[in-house]
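Please read these numbers as outputs of a predicted model, since none were measured by experiment. Numbered from 1 within each chain, the chains take letters A, B, ... in sequence-line order.
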Amino acid sequence: MLAASGMTTESRPILDVRGLRKSFGSTEVLKGIDFRLAPRELAFIIGPSGSGKSTFLRCCNRLEEPSGGSIHVDGTDIMAPGVDINAVRRHIGMVFQSFNLYPHMTALGNVTLALRLAAHIPRAEAVDLGRTALARVGLADKERAYPGELSGGQQQRVAIARALALEPRIVLFDEPTSALDPELVGSVLQVMRDLREAGMTMLVVSHELQFARAAADRVVFMEGGVIVEEGPPAQIFGDPQHARTREFVARIDGHH
Amino acid sequence: MDRFLFTFFNAEVMAEYLPNILSGMWVTTYLAAFVIVTGLSLGLVLAVLRSALSQKMPAPLSWLTGALRLSLIFYVDLMRSVPPLVLIVLFYYGLPALGLDIAGLGATWLALSLVLSAFAEEIYWAGLISVARGQWEAARSTGLSFLQTLIYVILPQAVRLAIPPLTNRTIAITKGTALGQVVAVQEILYQAYSGLSFSYNPSPLTLGALAYLALFLPIVIVGRWIETRFAWRR
Ligand SMILES: Nc1ncnc2c1ncn2[C@@H]1O[C@H](COP(=O)(O)OP(=O)(O)OP(=O)(O)O)[C@@H](O)[C@H]1O
Ligand SMILES: [Mg+2]
């Protein structure tokens, strides 16, 4: 398993998930997920609707409370009894399908809010950091714009800047381009590509297969709450070992 | 026509009772102001409390928060069902019997404030739950606490949604200060009414109506302005 991950041996994983389980009431949605993500690695998660991809991602910062197993982020056991979950979350960026920008704040306000309130950085310094983050996603000129005045692609880039400003150890993306018009997808993927170049560790749920082929170190196929197969993109897309992976890849490839 | 004017716009009678009406206006004004401040802030506190009590909790604690939440909802529904006048009279006669000395003014203030707090809580709450779940998730994912998220992200959006209905409800309940008349609060209606009984002429009532107009029309207009001001781009 690990050999296929392209993980360097000397560094400990940024994300280390073991035996992760999650039930909603009596339905078990995650049935024992083992997953490790090395520093600077970009992993893609694919799988049919309802397979538990979002739930897995949301367990990684405890937006969803796991029912069992363990999760370490950069060495911190995020489920340890006394853990300061807000401090943990500052170091785990999350980008949502629906952007979830704060509509009553400007782009800069969105990016600096957590810097000031959660990271306790003084306003002037937070503004500098916020501007830097907006510049990284190519939106330096939009700092005064409200989300309602931005295109979907721009909103999602502001959302990415909001996560980046906190200097996360890892960024989780849940279908970051699914809500975008096709012509706006490229700008967001470009930002993700730049992030990868800069060495950010990323876990991405998405069905942008071309991007996965070009940029992912590893592709993970999930179904029914388990990881069915994982490997380099060439293997998962070109020579999948499991019949279910083959079927799924053939189906979504047909769509693109 | 003369007769009508003599009856309702009798200058002599009006002049005589104008000072009383003016002093009634003053009483109505500060009573209304106190009711608005108390009612709206208590309503906000209740809505925030309800939000906190609605959070997911581990088992033994969740019984307590559940019970508290139900009592909060019961209070709100109770206050919204009882006519304000009944509450005023109840407090006026009931509280002294419990050893709590309360004047008509206090009883009216308390009753209207509680009623307004209940309606305001429902309106704030409706605003709070109509803010998209994703707003909570985004804010919490950046490390903001429950309270920080509520104050900086959720409430500004919720209050904006709540302002139009809140303005209407506040005006409606504040006009209820006239009910204080029955427990001898010397507000506008009380003054107008006693003017009527002394002079056997309804002109003081006309004055009273004008006084209400002078007081509440600006509030209604300000309310309208606030509504358009906060109907913002989303
Ligand atoms: N809060 C919840 N309460 C109950 N069931 C839930 C909840 N969230 C998710 N589920 C269920 O868990 C399963 C997995 O959901 P999840 O959102 O993780 O799937 P997904 O792989 O992200 O799907 P999609 O591709 O459609 O986004 C689904 O059957 C879903 O109905
Ligand atoms: Mg999903």
Grab the two heavy atoms, one from [X] and one from [Y], that are nearest each other, plus how far apart they are.
X        : Y        : result
A:Leu117 : B:Leu144 : CB-CD2, 3.7 Å
B:Val153 : A:His104 : O-CE1, 3.3 Å
A:Asn86  : B:Arg140 : OD1-NH2, 3.5 Å
A:Ala118 : B:Gly143 : CB-O, 3.6 Å
A:Arg162 : B:Thr142 : CG-CG2, 4.1 Å

Find the one option among A:Leu115, A:Ile85, A:Val88, A:Leu101 whose heavy-atom pairs under 4.5 Å with chain B are most numerous. A:Leu101
Under a 4.5 Å heavy-atom cutoff, which of A:Asn100, A:Val95, A:Asp84 has the most pairs with chain B? A:Asn100
Within a reach of under 6.0 Å around [atom1] of [X], are more than 12 heavy atoms found that belong to other residues, nucleotides or ligands?
X        : atom1 : answer
B:Arg224 : CZ    : no
B:Phe74  : CZ    : no
A:Arg40  : CZ    : no
B:Phe216 : CZ    : yes
A:Phe211 : CZ    : yes

Quick one: what part of [X] sits under 4.5 Å from any heavy atom of chain B, side chain, backbone, both or neither?
X        : value
A:Ile92  : backbone
A:Leu172 : neither
A:Phe96  : side chain
A:Arg62  : neither

Restricting to side chain to side chain contact (heavy atoms under 4.5 Å, CB included), what partner residues turn up for B:Leu90, sequence neighbours left out? none
Sub-3.5 Å donor-acceptor pair from the side chain of A:Asn61 to the main-chain atoms of B:Ser141, do we have one? no
Does the side chain to side chain contact (heavy atoms under 4.5 Å, CB included) test come out yes or no for B:Lys56 and A:Glu65, once each step is laid out? CA-CA 10 Å; B:Lys56 264 195 211 145; A:Glu65 208 55 55; over 6 Å; no
Under a 4.5 Å cut-off applied to non-hydrogen side-chain atoms, are B:Pro156 and A:Met105 in contact? no
